[in-house]
Amino acid sequence: MENIFMKRVYEPYDESDGCRILIDRLWPRGISKEAAKLSFWHKDLAPSNELRKWFCHKPELFEEFRHRYLDELRTEEQKQEYIRQIFETAAQAPVTLLYGAKDPVHNHALVLMEELGRLAEMER
């Protein structure tokens, strides 16, 4: 986990970001593909459309959103494959997960980082 980082896609690019992976289902507004400097766009790692629309970034729904998204991360094969790829890449170089949400406390990237941390602990 020491090689996996997270930041908003709107923050400036830095060479230390290493492999830059956008983890949002929708392309972030106002960002060109050139400015994003992405290595990958894993939109299927993001919450399902149904869950994303239900949550609508409402802080009062975050705890339930967190539980539902963790369930998706733990049960959906495509999401698990992306997680494996993140760990494989991070074993060789830094990985920066990029998200667009304005709220730094109530967003799916935090839930994903929580799950990555849990999985890394299980591997130890």
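This one's a predicted model, so the numbers in the text were calculated from it and none came from an experiment. Because only heavy atoms are used, hydrogens play no part in the values below, and waters and symmetry mates are left out as well, while side chains stay in.
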Please enumerate all residues that pass salt bridge (Lys or Arg N to Asp or Glu O under 4.0 Å) together with E60, with sequence neighbours excluded.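 For E60, no residue satisfies salt bridge (Lys or Arg N to Asp or Glu O under 4.0 Å) once neighbours in sequence are set aside.
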Nearest atoms (heavy-atom pairs only) where [X] meets [Y]:
{"X": "G100", "Y": "V9", "result": "CA-CG1, 4.1 Å"}
{"X": "Y99", "Y": "N107", "result": "CE1-ND2, 3.7 Å"}
{"X": "A46", "Y": "D24", "result": "CB-C, 3.9 Å"}

If you measure from [atom1] on [X] to [atom2] on [Y], what distance do you get to the nearest 0.5 Å?
{"X": "N3", "Y": "F87", "atom1": "CG", "atom2": "CZ", "value": "11.5 Å"}
{"X": "C19", "Y": "Q92", "atom1": "SG", "atom2": "CD", "value": "11.5 Å"}
{"X": "I23", "Y": "M6", "atom1": "CD1", "atom2": "CE", "value": "7.5 Å"}

Taking only Lys NZ, Arg NE, NH1 and NH2, and the carboxylate oxygens of Asp or Glu, determine whether [X] and [Y] approach each other closer than 4.0 Å.
{"X": "R20", "Y": "D17", "answer": "yes"}
{"X": "E64", "Y": "R68", "answer": "yes"}
{"X": "E63", "Y": "R66", "answer": "yes"}
{"X": "R8", "Y": "E11", "answer": "no"}

Side-chain heavy atoms nearer than 4.5 Å, only ILVMFWY residues, links allowed to pass through others: does that put I21 and L110 together?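 Same hydrophobic cluster.
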Look at the side-chain heavy atoms of Ile, Leu, Val, Met, Phe, Trp and Tyr, link any pair under 4.5 Å apart, and say whether F62 and L70 land in one connected group.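 Result: yes, single cluster for both.
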Output the rest of the hydrophobic cluster of L26: all Ile, Leu, Val, Met, Phe, Trp and Tyr residues reachable through side-chain heavy-atom contacts under 4.5 Å, sorted by chain and number.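 Listed partners: none, L26 stands alone.
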Checking R25 against W41: charged group under 6.0 Å from the ring centre and within 45 degrees of the axis?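 No, R25 and W41 do not form such a contact.
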Quick check with a 6.0 Å cut-off and a 45 degree axis cone: is K43 positioned over the face of W27's six-membered ring?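 Cation-pi check for K43 and W27: fails.
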Could you walk me through whether H57 and F55 pass the ring pair (Phe, Tyr, Trp, His ring centres under 6.0 Å) check? CA-CA 5 Å; H57 295 284; F55 175 47; 5.5 Å; yes
